[in-house]
Structures are given as C-alpha cells and as structure tokens.
Participant: 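Once you've had a glance at the structure underneath, I'll fire off some questions.
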Amino acid sequence: MSSEQERRHRSLTQETLKVPRINTCDVVEDESLEVLQVNAVDSWITSYQRYLADGLLLIEPTKAKTIKKNARKYILVDGKLFLHGYTHPILTCVSGDHCTRIMVELHEGICGKHVGGRALSLKAVRVGYYWSTMKEDCVRHAQRC
C-alpha cells in the first residue's frame, strides 16, 4: 500500500495527532537553489485574509462592502482565519477539499452516525470548523449518502 493510499485510509484524528517528520538533506554550497512561488486557488477565505492583514478589498463594490461588513466576525492569527461569536467557540475557517474530508469523517468516520444534513453542520461547528456554505454542503452530502 503506497503512502498516498495510507493517508486516505487514516481518519482526520489520526492524521492530526501524527508527529511530523523532519527530513534533512545535505546542501551543496556550489549549487544554487531555485525557489518557485505556487499560487493557491483563491477561496472565500483569501478575501477576508487580505482585508484583515493588509486592508485590501475586491474591485467589485458589492462584494467589497460585504467583506468589509462581515470582517468583524473574523480574526486573523498567524495567517489563519478564525470565526468568533457569542454563542459558539472560536471556529477554524476551512475551504475546498478540507471541507469535504471533514464532512465525510463526521458522517461516515469512526464517530459517524449517518446523521442528516442539519445535524451534520451543527456537528462540524461543535468540532470547531466553519466554511461559508456549510449548511448547503452538509445537506447535499447527507442526501447523497
């Protein structure tokens, strides 16, 4: 079984608790190192991160106004975005494949009970995660199961 297959079969808890490995290699002084910048796909998180870190807003006035209005709900700590509120704990904001993985783990994983979409979204909040389309995504995921 390859390492990629092993990673897919591990639960989210097992992957989080895994001790990171540090690989060292010898750097030859005569050779030059080339650094490439990889641009990640922009998600809903990046616009809030840009606004909170640098004060940059989108060009579109309606979206910029929405981001400016909703930015007070978010905190930026070490480059990571968190949602805070009065009725729930501080939630980690996620996007993309990480959302799907969280839904699968909570719905079908070790502690999964194949709950409905609304209960699945509330369970994700209790675990400490948030994304902008959480309710709709959880309902769709529960219906497909």
Participant: Please name the pair of heavy atoms, one in Thr62 and one in Thr66, separated by the smallest distance, quoted to 0.1 Å.
Facilitator: O-OG1, 2.9 Å
Participant: Between Ala142 and Gly116, which heavy-atom pair has the shortest distance, and what is it?
Facilitator: CB-C, 3.8 Å
Participant: Looking only at heavy atoms, which two atoms of Met134 and Tyr129 are closest? And how far apart?
Facilitator: CE-O, 3.1 Å
Participant: Using the rule given for side chain to side chain contact (heavy atoms under 4.5 Å, CB included), can you reason through Glu108 versus His114, listing the C-alpha separation, both sets of side-chain angles and the distance that settles it, and then say yes or no?
Facilitator: CA-CA 6 Å; Glu108 305 163 7; His114 293 277; 3.7 Å; yes
Participant: Quick check: is Val139 connected to Met103 through a chain of hydrophobic side chains (ILVMFWY, heavy atoms under 4.5 Å apart)?
Facilitator: no
Participant: Report yes if some heavy atom in the side chain of Leu76 is under 4.5 Å from a heavy atom in the side chain of Gln49; otherwise report no.
Facilitator: yes
Participant: Report the residues that fulfil ring-ring contact (aromatic ring centres under 6.0 Å, His included) with Tyr48, sequence neighbours left out, ordered by chain and then residue number.
Facilitator: Tyr74
Participant: Just verifying a value: how many Å separate Ile75 CD1 and His84 NE2, rounded to the nearest 0.5 Å?
Facilitator: 4.5 Å
Participant: Keeping His107 on the side-chain end and Ile102 on the backbone end, is there a donor-acceptor pair under 3.5 Å?
Facilitator: no
Participant: Roughly how far, to the nearest 0.5 Å, is CZ of Arg101 from CG of Asp97?
Facilitator: 10.0 Å
Participant: Do His141 and Val104 make a side-chain contact, defined as non-hydrogen atoms from C-beta onward lying under 4.5 Å apart?
Facilitator: yes
Participant: Kindly give the heavy-atom pair with the smallest separation between Ser95 and Cys99, and that separation in Å.
Facilitator: CA-SG, 3.5 Å
Participant: Do Leu81 and Leu52 have side chains that approach each other closer than 4.5 Å (heavy atoms only, starting at C-beta)?
Facilitator: yes
Participant: Using side chain to side chain contact (heavy atoms under 4.5 Å, CB included), reason through Val77 and Lys80 one step at a time and then give a plain yes or no.
Facilitator: CA-CA 5 Å; Val77 179; Lys80 289 188 175 185; 5.7 Å; no
Participant: Take Leu91 and Val125 through the side chain to side chain contact (heavy atoms under 4.5 Å, CB included) test and state the conclusion after the steps.
Facilitator: CA-CA 7 Å; Leu91 304 173; Val125 168; 4.1 Å; yes
Participant: Distance-only, no hydrogens or angles: does the Ser47 side chain make a donor-acceptor pair with backbone N or O of Ser43 under 3.5 Å?
Facilitator: no
Participant: Of Phe82, Tyr130, Trp131, which meets side-chain contact (heavy atoms from CB on, under 4.5 Å) against Cys93?
Facilitator: Tyr130
Participant: Under 4.5 Å between side-chain heavy atoms, hopping through other hydrophobics if needed: is there a path connecting Leu83 to Leu122?
Facilitator: no
